Amino acid sequence: MAQVVGGVFTSHVPAIGGAIARGAQGDPYWKPFFDGFKPIHTWLRDARPDIVVAFYNDHGLNFFLDKMPTFAVGAAPSYRNADEGWGLPLFKPFEGAVDLSWHIIEALVQDEFDITTCQDMLVDHALAIPCELIWPHAESWPVKIVPIAINTVQHPLPSPHRCLALGRAVGRAIASWQGDERVMVIGTGGLSHQLEGERAGHINIGYDRWCMDALAGDPDALTAQSSLDIVEQAGSQGVEILNWIAARGAMGDHVDETSRNYHIPISNTAAATMLLTPAVAPVA
Ligand code: DHB
Ligand code: FE
């Protein structure tokens, strides 16, 4: 039986890719953010994941406004990273965990989620940059992936309630998978940020901290809000927290918060990184 060994949650600001390309990780602007990955690198030595199930949002690269699936699950043998215009170097291609993808797709449809299945799919900075942060300097990725894209771009957006339910259904699918792979979950994007309009640069520290507390201890608390409530609180791109909520759902009921880093700003974003691991002592 496959098991979820942990979940990494992180912002995916494209400028991080520029900093990696320039080797600027130690610069005063970047160091507090990159340092947040040290506990994750230490944890990875024992965690040894084989597969990543990544919840992220596509930014107009693979899906544009003319065709926007609410939930899209990749089932491709490989996923090429393609830059949608940020001027980033292109990152390494990913190998797909095709069998697990199809198992998850079967289980989601059985659970009445009307998903889009993608046997040909590009991925953007929202998937590549978190992996570059998690496995810096890797010659090739040490994991296969199942990418799950959530629409956080074009309204109407799915609700936090629905995203948590999606993640929980994915978690059940992983638990029922016959393989013995070690699965790591990733949720990318957020936290509060708005890139356009009068509120460009909007950041909400109190809300971000509440989200991080709830994510670890009480994810259902996050479902009391609508996606528009999140836009109001966290900014129009802060709604990328939906990816974190889904990823948290895939981890089961009880987790331990193993590390947390919160740093303002990276570009226009309140940058956050968390590592959650399955609870050691079951909660009474
Ligand atoms: C920024 C943040 C994002 O989440 C993104 O997808 C693009 C840019 C930013 O803060 O620059
Ligand atoms: Fe984004």
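Each ligand, and each atom within it, is numbered from 1 in the order the structure gives. The chain is numbered in sequence order, starting from 1. Side chains included, hydrogens not; waters and symmetry mates left out as well; all remaining heavy atoms used. Here the structure is a predicted model, which is why all the values come from computation and not from measurement.
- For the Fe ion (ligand 2), the N/O/S atoms of H12 include one lying under 2.8 Å.
- Minimum-distance N/O/S atom of E240 relative to the Fe ion (ligand 2): OE2.
- Nearest protein heavy-atom neighbour of atom 4 (O) of ligand 1: H193 NE2, 2.8 Å.
- Protein heavy atom nearest atom 10 (O) of ligand 1, with residue, atom name and distance: T269 OG1, 2.6 Å.
- Although no hydrogens or angles enter the test, the distance criterion places no donor-acceptor pair under 3.5 Å between the side chain of D256 and the main chain of T258.
- Between D220 and R248 there is no salt bridge, since no side-chain N of the basic residue sits under 4.0 Å from a carboxylate O of the acidic one.
- Here Q237 has no heavy atoms under 4.0 Å from ligand 1, in either its backbone or its side chain.
- Closest protein heavy atom to atom 11 (O) of ligand 1: S267 OG, 2.5 Å.
- Put simply, the side chain of T223 never gets that close to the backbone of P219: no donor and acceptor are under 3.5 Å apart.
- Ligand-side atoms of ligand 1 in range of N268: 10 (O), range being under 4.0 angstrom from any heavy atom.
- The closest protein non-hydrogen atom to atom 6 (O) of ligand 1 is H59 NE2, 2.7 Å.
- Residue R80 places its CZ atom among 12 or fewer non-hydrogen atoms of other residues, nucleotides or ligands, all under 6.0 Å distant.
- We find that K92 and E132 are joined by a salt bridge, their nearest charged nitrogen and carboxylate oxygen being less than 4.0 Å apart.
- At the top of the distance list for atom 7 (C) of ligand 1, counting protein heavy atoms only, stands P14 CD, 3.2 Å.
- No single ILVMFWY cluster, assembled from side-chain heavy atoms under 4.5 Å apart, contains both M121 and V109.
- Counting atoms of ligand 1 from 1 in the listed order, those under 4.0 Å from a heavy atom of E240 are 4 (O), 6 (O).
- Side-chain N or O atoms of S192 include one that pairs as donor or acceptor with a backbone N or O of N204 at under 3.5 Å.
- Between the side chains of Q237 and H202, no donor-acceptor pair is found at a separation under 3.5 Å.
- Among the atoms of H125, no N, O or S atom falls under 2.8 Å of the Fe ion (ligand 2).
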